Q: 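Got a structure for you, questions after.
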Amino acid sequence: MDYLKPVILPGGTILPGNLFLAPTAGYSDGPFRSICRTWGADLCYTEMVSTEALWRGNSKTHNLLKREDNEPEYAIQLFGSDYDSVYKSLPYLTQHNPLLLDINAGCPVPKIIKSGAGSWLMKDPRKLMDIIKTIKDHTDIPLTIKLRLGWDANSINYLKIAQEAQELGIQAVGLHARTKEMAYRGKADWNHIKHLKENLDIPVFGSGDLFTSEDVIRMLTQTKCDGVLIARGAFGNPFIFSQIKGTIDKLNAKTIIDTALKHLDLSIQYYGDQAFKEIRKHFSAYLKGIPNSNDLRRKLMTAQTKDQYKHLLNSIL
Ligand SMILES: Cc1cc2nc3c(=O)[nH]c(=O)nc-3n(C[C@H](O)[C@H](O)[C@H](O)COP(=O)(O)O)c2cc1C
C-alpha cells in the first residue's frame, strides 16, 4: 500500500493522507464530510463557496464554511470571477483556518460560467492567474486549483495553465480528466493525469470515474498522482475510504443503515427541519448498496420525521 501516503505541499504543509472527499456542491456539506472522515477520508473539501456571496454577507454561504467536530482540518473550495471579489472574501475564508484553499476552475454549470467563474477561467487563464496572485499576495494558506482538461477537445490547455500557476506559487493541482463540454459524460481520460504528474513539480490530485476502491488504487498506481479526489464514488458509499485502506470487512445492510441514520442526525443538527429534504439524495444513494430496496426508496422520499426514516430503514433489518 505504498500508494497511500501523506502529501507534503511545497512550503511544508502536510496533508494527513491522500484520499480526499472532492468538493461537490449539494453533497460535501458538514454532515457528509463528517461521515466521510469517520470512514477514513484524509481530508474533505467544502462545497464550492461563492466569494461574492461571502463578502456580501450571505448567511447561507457563510454556513457552508462551518466545520464539523471531527474535522481537525478541511479544505475550502472557492469560486469567483474576479480578483476584487476574491480579495474582499479573503478575511472570511482565512478566519476558518483551512488547511488549504482551492480555486474552482472546472465547474461546467451554465450559471457559474455565465458569471465568469468555474471552467470559464480555463477560457480566460489571465483572470485565473490574477485571482491566484491576489490570494498569494494576501495569505500564506496553501493554495491549489482544480482544473478540467480544457473547454472542449479542441482546446486542451490544462498543462499550460498548471505550469503557469505553478510559477505563481500554487501548491498542488487537481485535475478532473474531462473537458467542460463533457460535463460528467463519457470516460475520464486518466492519461492526462499521468501526463500532468510527469510535467509538474508540485503534487497532482486526480479526479474522474473513481467509483470503487479498485478504481482509486488503479488511478494512484497507473498515473502516480499524489492524491485522489473522490466524488460520486462516495455518495451513499463513504465506506469507500475504508475499503481502499483495507480497514473494513464486507459491508452489510446494518452498517449502511446505521451510517445513514447517523448522517440524518448530523443533518438535523445542521439544517433543522430542512434536513429531511437535504438527506433524500443521500438516502437514495445509500440504498443503492442494499438489494431489493426500490420500494423502500420510494417511501423514503416522502418521510417527514426522524421516526419515519428510522422505522422505514429498520424495516430492512
Ligand atoms: C453533484 C456534483 C457536484 C459537484 N460539485 C463540485 C464543486 O463544487 N466543485 C468542484 O470542483 N467540482 C465539483 N464536482 C466535480 C467533482 O469534484 C469531480 O471532479 C467529478 O465528479 C469527477 O469525479 P467522479 O467522476 O469520480 O465523480 C461535482 C460533481 C458532482 C457529481
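Counting convention: from 1, in listed order, for ligands and their atoms alike. Note that the coordinates shown come from a computational prediction; the quantities given were computed from them, not determined experimentally.
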Q: Where does Met48 meet ligand 1, judged by heavy-atom distances below 4.0 Å: at the side chain, the backbone, both, or neither?
A: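 Near ligand 1, Met48 shows its backbone as well as its side chain.
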Q: side-chain hydrogen bond (donor to acceptor under 3.5 Å, both in side chains) between Asp152 and Asn154: does it pass, once the steps are laid out?
A: CA-CA 5 Å; Asp152 59 23; Asn154 297 319; 4.6 Å; no
Q: Classify the ring geometry of Phe32 against His263: parallel below 30°, tilted from 30° to 60°, perpendicular beyond 60°.
A: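 Plane angle under 30°, so parallel.
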Q: What atoms of ligand 1 come within less than 4.0 Å of a heavy atom belonging to Arg178?
A: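 Those atoms are 25 (O).
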Q: Under a 4.0 Å threshold between the charged nitrogen and the carboxylate oxygen, would Glu214 count as salt-bridged to Arg218?
A: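 Salt bridge flag = no for Glu214 with Arg218.
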Q: Under 4.0 Å from ligand 1, counting heavy atoms only, is it the side chain of Arg232, its backbone, both or neither?
A: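 Looking at Arg232 and ligand 1, atoms from backbone and side chain both fall under 4.0 Å.
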Q: Is there a ring-ring contact (aromatic ring centres under 6.0 Å, His included) between Trp39 and Phe239? Walk through the geometry before answering.
A: CA-CA 6 Å; Trp39 286 100; Phe239 321 104; 4.8 Å; yes
Q: Do any N/O atoms on Leu229 end up under 3.5 angstrom from N/O atoms on ligand 1?
A: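 Among all N and O atoms of Leu229, none is under 3.5 Å from an N or O of ligand 1.
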Q: When you check the gap from the basic side-chain N to the acidic O, do Glu164 and Arg126 get nearer than 4.0 Å?
A: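 Yes.
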Q: I would like to know whether Asn252 and Thr255 meet side-chain hydrogen bond (donor to acceptor under 3.5 Å, both in side chains); could you show each step before the answer?
A: CA-CA 6 Å; Asn252 57 39; Thr255 305; 2.8 Å; yes
Q: Could you find the nearest protein heavy atom to atom 24 (P) of ligand 1 and give me its residue, atom name and distance?
A: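 Heavy-atom neighbour on the protein nearest atom 24 (P) of ligand 1: Asp209 N, 3.4 Å.
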Q: Give yes or no for whether the N/O distance cutoff of 3.5 Å, strictly under, is met between Gly233 and ligand 1.
A: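 In this structure, Gly233 places no N or O atom under 3.5 Å from an N or O of ligand 1.
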Q: Atom CG in Leu19, atom CD1 in Ile244: separation rounded to 0.5 Å?
A: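 Spacing of CG (Leu19) from CD1 (Ile244) equals 4.5 Å.
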Q: Near Ala231, which atoms of ligand 1 are under 4.0 Å from a heavy atom of that residue?
A: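 Near Ala231, the atoms of ligand 1 are 16 (C), 18 (C), 21 (O), 23 (O), 27 (O).
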Q: Are side-chain N/O atoms of Ser85 and Thr51 paired as donor and acceptor at under 3.5 Å?
A: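 Side chains of Ser85 and Thr51: pair found under 3.5 Å.
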Q: For atom 13 (C) of ligand 1, what's the nearest protein heavy-atom neighbour? Residue, atom name and distance, please.
A: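 Minimum-distance protein heavy atom for atom 13 (C) of ligand 1 reads Pro23 O, 3.0 Å.
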Q: Does Gly208 come within less than 4.0 Å of ligand 1, judged by its heavy atoms?
A: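 For ligand 1, residue contact (heavy atoms, under 4.0 Å) with Gly208 is present.
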Q: List the steps, then state whether salt bridge (Lys or Arg N to Asp or Glu O under 4.0 Å) holds for Asp258 with Lys262.
A: CA-CA 6 Å; Asp258 288 348; Lys262 172 78 187 158; over 6 Å; no
Q: Looking only at protein heavy atoms, identify the closest one to atom 11 (O) of ligand 1 and say how far it is in Å.
A: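 Ranking protein heavy atoms by distance from atom 11 (O) of ligand 1, first comes Gln77 NE2, 2.8 Å.
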Q: Parallel, tilted or perpendicular, judged at 30° and 60°: which one describes the rings of Tyr309 and Phe283?
A: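 Plane angle over 60°, so perpendicular.
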Q: For ligand 1 and Glu47, I'd like to know whether there is a polar contact (N/O to N/O, distance under 3.5 Å).
A: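 Not met; the criterion fails.
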Q: Classify the contact between Tyr184 and ligand 1 as side chain, backbone, both or neither, using a heavy-atom distance cut-off of under 4.0 Å.
A: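 The answer is the side chain.
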Q: Tell me the contacting part of Asn104 for ligand 1: side chain, backbone, both, or neither, using a 4.0 Å heavy-atom threshold, strictly below.
A: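 Asn104 to ligand 1: side-chain contact only, backbone stays beyond 4.0 Å.
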Q: For atom 18 (C) of ligand 1, find the nearest protein heavy atom and state the residue, atom name and distance (0.1 Å precision).
A: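 Atom 18 (C) of ligand 1 sits closest to the protein heavy atom Ser207 OG, 3.3 Å.
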Q: Would you kindly check if the NZ (Lys) or CZ (Arg) of Lys281 is within the cone defined by 45 degrees around the ring axis of Tyr27 and under 6.0 Å from the six-membered ring centre?
A: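 Because its charged atom sits under 6.0 Å from the ring centre and within 45° of the axis, Lys281 does stack over Tyr27.
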Q: By number and element, which atoms of ligand 1 are closer than 4.0 Å to a non-hydrogen atom of Ala22?
A: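 Contacts of ligand 1 toward Ala22, numbered from 1: 17 (O).
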Q: Judging by distance only, is a nitrogen or oxygen of Tyr27 under 3.5 angstrom from one on ligand 1?
A: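 No, no N or O pair falls under 3.5 Å.
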Q: Flag Leu210 as yes when one of its N or O atoms lies below 3.5 Å from any N or O atom of ligand 1, and as no otherwise.
A: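 Yes - when backbone and side-chain N and O of Leu210 are compared with those of ligand 1, one distance drops under 3.5 Å.
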Q: At a 4.0 Å threshold, what atoms of ligand 1 neighbour a non-hydrogen atom of Lys146?
A: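 Here the atoms of ligand 1 in question are 10 (C), 11 (O), 12 (N), 15 (C), 16 (C), 17 (O), 18 (C), 19 (O).
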Q: Would Arg37 and Glu73 pass as an ion pair if we require N to O under 4.0 Å?
A: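 Yes.
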Q: Do me a favour and list the nearest non-hydrogen protein atom to atom 3 (C) of ligand 1 with residue, atom name and distance?
A: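 Nearest neighbour among protein heavy atoms for atom 3 (C) of ligand 1, to 0.1 Å: Ala25 N, 3.4 Å.
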